[in-house]
**Student:** 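This structure is in structure tokens; I'll ask about it shortly.
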Amino acid sequence: MASVVNDSCIKCLTCVDVCPVGAFVELDTQVVVNPDTCIDCGVCISECPQGAIAADGDADEKWVKFNAEKAAAAG
Ligand code: SF4
Ligand code: SF4
């Protein structure tokens, strides 16, 4: 399980600051979560001012794939 970010993200970086394991990866216009790093603590979900983060079970499969692929591409 992991959290997932959608394109409502405005890259405010609040989630980057609160994540205890550094799971967020910064892209040009938004952040995504590396599912291999996320420990599913849930802290970031309530901190996002855009409501852009959800547990992967609650997110559209499109965003689950997007986060995993972009995080993998970023190394
Ligand atoms: S807190 Fe929300 S809007 Fe801000 S960078 Fe994270 S996902 Fe994007
Ligand atoms: S759920 Fe926790 S570990 Fe996963 S990205 Fe959010 S703050 Fe980081």
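Each ligand, and each atom within it, is numbered from 1 in the order the structure gives. Every heavy atom of this structure was used, including side-chain atoms; hydrogens, water molecules and symmetry mates were not.
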**Student:** I'd like to check which ligand 1 atoms, numbered from 1 as shown, lie under 4.0 Å from a non-hydrogen atom of V5.
**Tutor:** 7 (S)

**Student:** What atoms of ligand 2 come within less than 4.0 Å of a heavy atom belonging to P20?
**Tutor:**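 Near P20, meaning under 4.0 Å from one of its heavy atoms, ligand 2 has 7 (S).
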
**Student:** Can you name the atoms of ligand 2, numbered from 1 with element, that are less than 4.0 Å from a heavy atom of G42?
**Tutor:** 1 (S), 2 (Fe)

**Student:** Using side chain to side chain contact (heavy atoms under 4.5 Å, CB included), reason through M1 and D56 one step at a time and then give a plain yes or no.
**Tutor:** CA-CA 6 Å; M1 294 292 288; D56 55 5; 3.1 Å; yes

**Student:** Could you give the distance from CG (N34) to OG (S3), rounded to the nearest 0.5 Å?
**Tutor:** 12.0 Å

**Student:** Look up atom CD in E47 and atom SG in C19, then write down how far apart they are to the nearest 0.5 Å.
**Tutor:** 11.5 Å

**Student:** Please list the nearest protein heavy atom to atom 5 (S) of ligand 2 with its residue and the distance rounded to 0.1 Å.
**Tutor:** F24 CE1, 3.5 Å

**Student:** Going by heavy atoms in the side chains, are F24 and C38 under 4.5 Å from each other?
**Tutor:**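 Not in contact.
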
**Student:** Within ligand 2, which atoms have a heavy atom of C41 less than 4.0 Å away?
**Tutor:**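 Once the distances to C41 are compared, the set is 1 (S), 2 (Fe), 3 (S), 7 (S).
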
**Student:** Determine whether the side chain, the backbone, both or neither of V21 has a heavy atom under 4.0 Å from any heavy atom of ligand 2.
**Tutor:** side chain

**Student:** Which protein heavy atom lies closest to atom 6 (Fe) of ligand 2, and at what distance to 0.1 Å?
**Tutor:**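 Protein heavy atom with the smallest distance to atom 6 (Fe) of ligand 2: C44 SG, 2.3 Å.
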
**Student:** Can you measure from CD (Q30) to CZ (F66) and round to the nearest 0.5 angstrom?
**Tutor:** 4.5 Å

**Student:** If I take atom CD1 from residue I45 and atom CG from residue D58, how far apart are they, to the nearest 0.5 angstrom?
**Tutor:**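 Going from the CD1 atom of I45 to the CG atom of D58 covers 7.5 Å.
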
**Student:** I need the protein N, O or S atoms closer than 2.8 Å to atom 4 (Fe) of ligand 1, given as residue plus atom name.
**Tutor:** C12 SG

**Student:** What residue and atom, counting heavy atoms only, is the protein's closest point to atom 8 (Fe) of ligand 2, and at what distance?
**Tutor:** C19 SG, 2.3 Å

**Student:** Taking all atoms of both residues into account, what is the closest heavy-atom pair of A52 and C48, and its distance?
**Tutor:**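 Taking A52 first and C48 second, the nearest heavy atoms are N-SG, 3.3 Å.
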
**Student:** Below 2.8 Å, can you find an N, O or S atom of C38 next to atom 4 (Fe) of ligand 2?
**Tutor:** yes

**Student:** What distance separates I10 CD1 from Q50 CD, expressed to the nearest 0.5 Å?
**Tutor:**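 Between I10 CD1 and Q50 CD, I get 4.0 Å after rounding to 0.5 Å.
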
**Student:** Please examine the side chains of D60 and N6, heavy atoms only from C-beta on, and report whether any two atoms are closer than 4.5 Å.
**Tutor:**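 They are not in contact (no side-chain heavy atoms under 4.5 Å apart), so the answer is no.
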
**Student:** Considering all heavy atoms of both residues, which atom of C15 and which atom of I53 are nearest to each other, and what is their separation?
**Tutor:**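 It is CB-CD1, 3.9 Å.
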
**Student:** Do me a favour and list the nearest non-hydrogen protein atom to atom 3 (S) of ligand 2 with residue, atom name and distance?
**Tutor:** I39 N, 3.4 Å

**Student:** Counting from 1, what ligand 1 atoms have a heavy atom of I53 closer than 4.0 Å?
**Tutor:** 7 (S)

**Student:** Is any side-chain heavy atom of N67 closer than 4.5 Å to a side-chain heavy atom of K65?
**Tutor:**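 Of all side-chain heavy-atom pairs linking K65 with N67, none is under 4.5 Å.
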
